[in-house]
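One structure below.
From a predicted model like this one, the values you see are computed outputs, not experimental measurements. Whatever order the structure lists them in is the order used to number ligands and atoms, beginning at 1.
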Amino acid sequence: MIEILKAMAARIDKEKDFLTELDNEIADGDHGINMAKGFNAVVPKIEAMAGKDIGSLLKTTGMTLVSTVGGSAGPLYGTAFMKAGAALKDKMEIDANDLIAAVDAAIGGIQMRGKAVEGEKTMLDAICPAHKAFKAAIEAGEDVKAALGKAVEAAQAGVEYTKTIKATKGRASYIGDRSIGHQDPGATSATYMYEEFLANI
Ligand code: ADP
Ligand code: MG
């Protein structure tokens, strides 16, 4: 889990300028800066946690994001990681069902804080379809890696979908219909996290 989180942090840092550019097109151009700042602060904290349970790692990740990232995505992702951490409390290993419980809790946290549903051009438009695809694949008997592959595909399709809809939550909603045609930065960063999860399990 430490390696996965570090890979997510590295990817966010690598895509920082692109994420900021996406945010600049429809809002205030800080998503990449916000996310990189938060995830770069996460790295030394989790590196110092070798041997700790997975729940604690995710909780520390979430608390660090909430405390270091301004804007809405930091607290939203932070809450997501904290809720996932609570769902995996004391676990030194996790299986598919644990992962499902963790992401269910993460989505619940994002919705509790942000009050968005699917179709509002947010990170949920990547995360929710990805999670549904993951659950469907596990139910169909696929292994975690294959199911995560399906999740990544669904997240990528979700990012494409965000180009077709208008934002009704967050700063991008201020420009209404003019947000159509642009991909959502938060859906994009969420997809990078899924991609790095898959690449590093
Ligand atoms: P801010 O909008 O405060 O500048 P960021 O630029 O870091 O924060 O993050 C913007 C992203 O946050 C959006 O692209 C969107 O995916 C996500 N977002 C904004 N509001 C919500 C919400 N209410 N629920 C879920 N995600 C949201
Ligand atoms: Mg922004």
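Note: the hydrophobic cluster containing V159 does not contain F197 (ILVMFWY, side chain heavy atoms under 4.5 Å, direct or indirect links).
In D28, the N, O or S atom that comes nearest to the Mg ion (ligand 2) is OD1.
For the residue pair Q156/T191, the side-chain donor-acceptor check at 3.5 Å is not satisfied.
Here D30 contributes OD1 and D23 contributes OD2, and at the Mg ion (ligand 2) these two atoms make an angle of 80°, given to 10°.
Side-chain N or O atoms of D13 include none that pairs as donor or acceptor with a backbone N or O of A36 at under 3.5 Å. For the pair S179 (side chain) and A167 (backbone), a donor-acceptor distance under 3.5 Å is present.
Among protein heavy atoms, atom 13 (C) of ligand 1 sits closest to D184 OD1, 3.5 Å. Remark: minimum distance from atom 23 (N) of ligand 1 to any protein heavy atom is reached at G114 O, 2.9 Å. In terms of protein heavy-atom proximity, atom 5 (P) of ligand 1 is closest to H31 ND1, 3.5 Å. For atom 17 (C) of ligand 1, the closest heavy atom belonging to the protein is M123 CE, 3.9 Å. The shortest contact between atom 20 (N) of ligand 1 and any protein heavy atom is with G170 CA, 3.6 Å.
Residue K169 has no nitrogen or oxygen atom sitting less than 3.5 Å from a nitrogen or oxygen atom of ligand 1, judged on distance alone. Not one N or O of I110 is nearer than 3.5 Å to an N or O of ligand 1, by distance alone. Taking any N or O of A116, backbone or side chain, none lies under 3.5 Å from an N or O belonging to ligand 1.
More than 12 heavy atoms of other residues, nucleotides or ligands shown are found within 6.0 angstrom of NZ on K135. Within 6.0 Å of atom NZ in K91, 12 or fewer heavy atoms from other residues, nucleotides or ligands are found, so the atom counts as exposed in its surroundings. Other residues, nucleotides and ligands contribute over 12 non-hydrogen atoms within 6.0 Å of the CE atom of M49.
Contact atoms of ligand 1 toward R171: 1 (P), 2 (O), 3 (O), 4 (O) (distance under 4.0 Å to a heavy atom of the residue). Heavy-atom proximity to S72, at under 4.0 Å, picks out these atoms of ligand 1: 1 (P), 2 (O), 3 (O), 8 (O), 19 (C). The contact set between ligand 1 and A73, taken as ligand atoms under 4.0 Å from a residue heavy atom, comprises 5 (P), 7 (O), 8 (O), 9 (O), 12 (O). The distance from ligand 1 to the heavy atoms of D23 drops below 4.0 Å at these ligand atoms: 6 (O). Ligand 1 places these atoms under 4.0 Å from at least one heavy atom of P185: 14 (O).
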### Task
Using the side-chain contact (heavy atoms from CB on, under 4.5 Å) rule, take K45 and M63 through it: C-alpha gap first, then chi angles, then the decisive distance, then the call.
CA-CA 11 Å; K45 295 218 174 145; M63 285 169 59; over 6 Å; no
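Nearest to atom 21 (C) of ligand 1 by heavy-atom distance, out of V69, L76, T188, is L76.
The distance from atom OH of Y77 to atom CE of M8, rounded to the nearest 0.5 Å, is 10.0 Å.
For A27, the closest heavy-atom approach to ligand 1 does not fall below 4.0 Å.
When heavy-atom distances to ligand 1 are checked against a 4.0 Å cut-off, T122 comes that close through both its backbone and its side chain.
Salt bridge E153/K150: absent, no basic N to carboxylate O contact under 4.0 Å. Using a 4.0 Å cut-off between charged nitrogen and carboxylate oxygen, K132 and E118 count as a salt-bridge pair.
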